Peer 1: 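Once you've had a glance at the structure underneath, I'll fire off some questions.
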Amino acid sequence: MQVIESIEKMQSMAISLRLEGHLIGFVPTMGCLHQGHLSLIDRAKNSSDKVIVSIFVNPTQFGPNEDFDRYPRLLKEDLKLCEEAGVDIVFCPSMNDMYPEGYSTYVDEVFVGKDLCGISRPNFFRGVSTICVKLFNLVRPDFSYFGKKDAQQCAVIKKVVNDLNIATEIIECETVREPDGLAMSSRNRYLTEAQRADALAISKALFHAKDMVANGADNADRIIAEITHELAKFRRIRIIYVQVVDSVSMKAVRTILPKKTIVCVAAWVDEVRLIDNIEL
Ligand code: AMP
């Protein structure tokens, strides 16, 4: 496995891999890798012949009062996991190389990323879109793998790639959960045991909503009311949003259409912000 830090080296490596006819699969991450990330890598290994993982904690997607400084950085452990997973190249550029002094260009998708997390984290999708486009330009992937755990992020990146004619195919991968249902996330590390116990209510409420729909419920308001009611029972949880949306446009819908509608939740568990969603 090669570890590349230099932008120029990554660019020339990507060009030569393509010239040699390799299919490049790309998994962008912020590190602190867990089974969710590894499932994306596995997917990439199955459909590409060179797998590139990027590890970069992207400052432009964090708000001023968010957890950029304390976001877990575990490069040594991450490199070991990548090696074991059969990754070919890990790209871990420096902050200064990605955003040198005077950097001033951003990618801003203004429709799909407008609501939900777009409201509570105003610059988040602009930061995510900007770093992804930069990484796509450097890595030149045929396929790029994203987790449905971050459903709005998937939808925004798909829109950006389509709108800007970027030649990579976005592959969406299923959410990997802990055995009890909690969606895996690097931020789960922040949770104390008591917070972890309350956090479980989020996935439980989503599974309950899915059951309701399986049993005939098709009204979004009913689903939202039920999830809100369930989460309100937990004193550490504060809801940021509960919304039933179309999974492509990420706009609210009133009636649930099977396979096209997801319900998204963002909530604080004390000071830890978690998101999750499920297809209805
Ligand atoms: P992050 O390092 O949190 O930026 O995530 C990198 C990629 O891993 C994103 O495409 C995420 O959606 C994906 N990811 C994170 N958690 C999970 C999970 N539990 N299941 C599947 N994919 C995930």
Side-chain angles (χ1 to χ4, degrees), residues 25-46 51-63 66-68 70-75 77-79 81-82 85 87 90-93 98 112-113 116-117 121 124-136 139 141 143-161 168-191 196 199-200 202-203 206-207 247 250 262 264-266 272-279:
F26 177 46
V27 181
T29 81
M30 297 208 298
C32 188
L33 303 182
H34 50 66
Q35 289 300 323
H37 299 112
L38 295 176
S39 76
L40 269 52
I41 293 172
D42 248 22
R43 222 17 223 288
K45 284 210 59 93
N46 286 335
V51 174
I52 303 180
V53 172
S54 67
I55 298 179
F56 181 68
V57 183
N58 174 36
T60 61
Q61 70 189 66
F62 288 81
E66 293 183 356
D67 55 344
F68 176 70
R70 74 166 184 142
Y71 197 86
R73 287 155 172 93
L74 301 163
L75 188 59
E77 289 86 338
D78 289 344
L79 292 179
L81 287 171
C82 286
V87 170
V90 176
F91 177 46
C92 40
M98 291 306 264
V112 180
L116 309 178
C117 285
R121 303 184 73 189
F124 175 66
F125 289 118
R126 180 185 189 248
V128 168
S129 302
T130 301
I131 194 67
C132 284
V133 170
K134 282 169 71 66
L135 290 168
F136 293 151
V139 173
F143 304 106
S144 301
Y145 300 82
F146 287 83
K148 286 189 190 176
K149 150 83 168 49
D150 302 287
Q152 193 176 15
Q153 174 170 285
C154 278
V156 167
I157 295 301
K158 277 188 147 178
K159 190 69 166 56
V160 167
V161 161
T168 189
E169 185 180 334
I170 304 300
I171 315 281
E172 293 183 61
C173 305
E174 292 306 321
T175 301
V176 176
R177 297 179 179 281
E178 301 286 355
D180 61 6
L182 181 73
M184 288 191 184
S185 162
S186 305
R187 290 191 167 94
N188 290 352
R189 285 176 170 262
Y190 299 149
L191 298 169
R196 166 76 178 69
L200 197 55
I202 298 172
S203 54
L206 292 176
F207 296 142
S247 60
M250 298 306 286
I262 58 175
C264 301
V265 172
V272 184
R273 188 185 190 279
L274 297 179
I275 57 169
D276 198 355
N277 69 85
I278 206 162
E279 188 181 278

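Note that the structure is a prediction, hence the values are computed from the model and not measured. Whatever order the structure lists them in is the order used to number ligands and atoms, beginning at 1.
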Peer 1: Under 4.5 Å between any side-chain heavy atoms of Arg189 and Leu74, yes or no?
Peer 2: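 Heavy-atom side-chain distance check passes, below 4.5 Å.
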
Peer 1: Does either side chain, that of Ser144 or that of Thr168, offer a donor lying less than 3.5 Å from an acceptor on the other one?
Peer 2: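 Indeed, the side chains of Ser144 and Thr168 share at least one donor-acceptor pair under 3.5 Å.
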
Peer 1: Sequence neighbours excluded, which residues qualify as ring-ring contact (aromatic ring centres under 6.0 Å, His included) partners of Phe124?
Peer 2: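 Residues passing ring-ring contact (aromatic ring centres under 6.0 Å, His included) with Phe124: none at all.
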
Peer 1: What residues form a side chain to side chain contact (heavy atoms under 4.5 Å, CB included) with Asp150, not counting sequence neighbours?
Peer 2: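 For Asp150 the side chain to side chain contact (heavy atoms under 4.5 Å, CB included) partners, ignoring immediate neighbours, are Gln153, Ile275.
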
Peer 1: Holding to ring-ring contact (aromatic ring centres under 6.0 Å, His included), I want the full list of residues that pass it with Phe207, two or more places apart in sequence or in another chain.
Peer 2: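 So Phe207 forms no ring-ring contact (aromatic ring centres under 6.0 Å, His included) with any residue.
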
Peer 1: Every pair of nitrogen or oxygen atoms between ligand 1 and the protein that is under 3.5 angstrom apart - can you list them with their distances to 0.1 Å?
Peer 2:
from, atom 1, to, atom 2, distance (Å)
ligand 1, 2 (O), Met30, N, 2.9
ligand 1, 2 (O), His37, NE2, 2.9
ligand 1, 5 (O), His37, NE2, 3.4
ligand 1, 10 (O), Gly147, N, 3.0
ligand 1, 12 (O), Gly147, N, 3.2
ligand 1, 12 (O), Gly147, O, 3.1
ligand 1, 12 (O), Asp150, OD2, 2.6
ligand 1, 16 (N), Met184, O, 3.4
ligand 1, 19 (N), Val176, O, 2.9
ligand 1, 19 (N), Met184, O, 2.8
ligand 1, 20 (N), Val176, N, 2.8

Peer 1: Could you state the interatomic distance from NZ (Lys45) to CG (Leu40), rounded to the nearest 0.5 Å?
Peer 2: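 Output value for this atom pair is 14.0 Å.
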
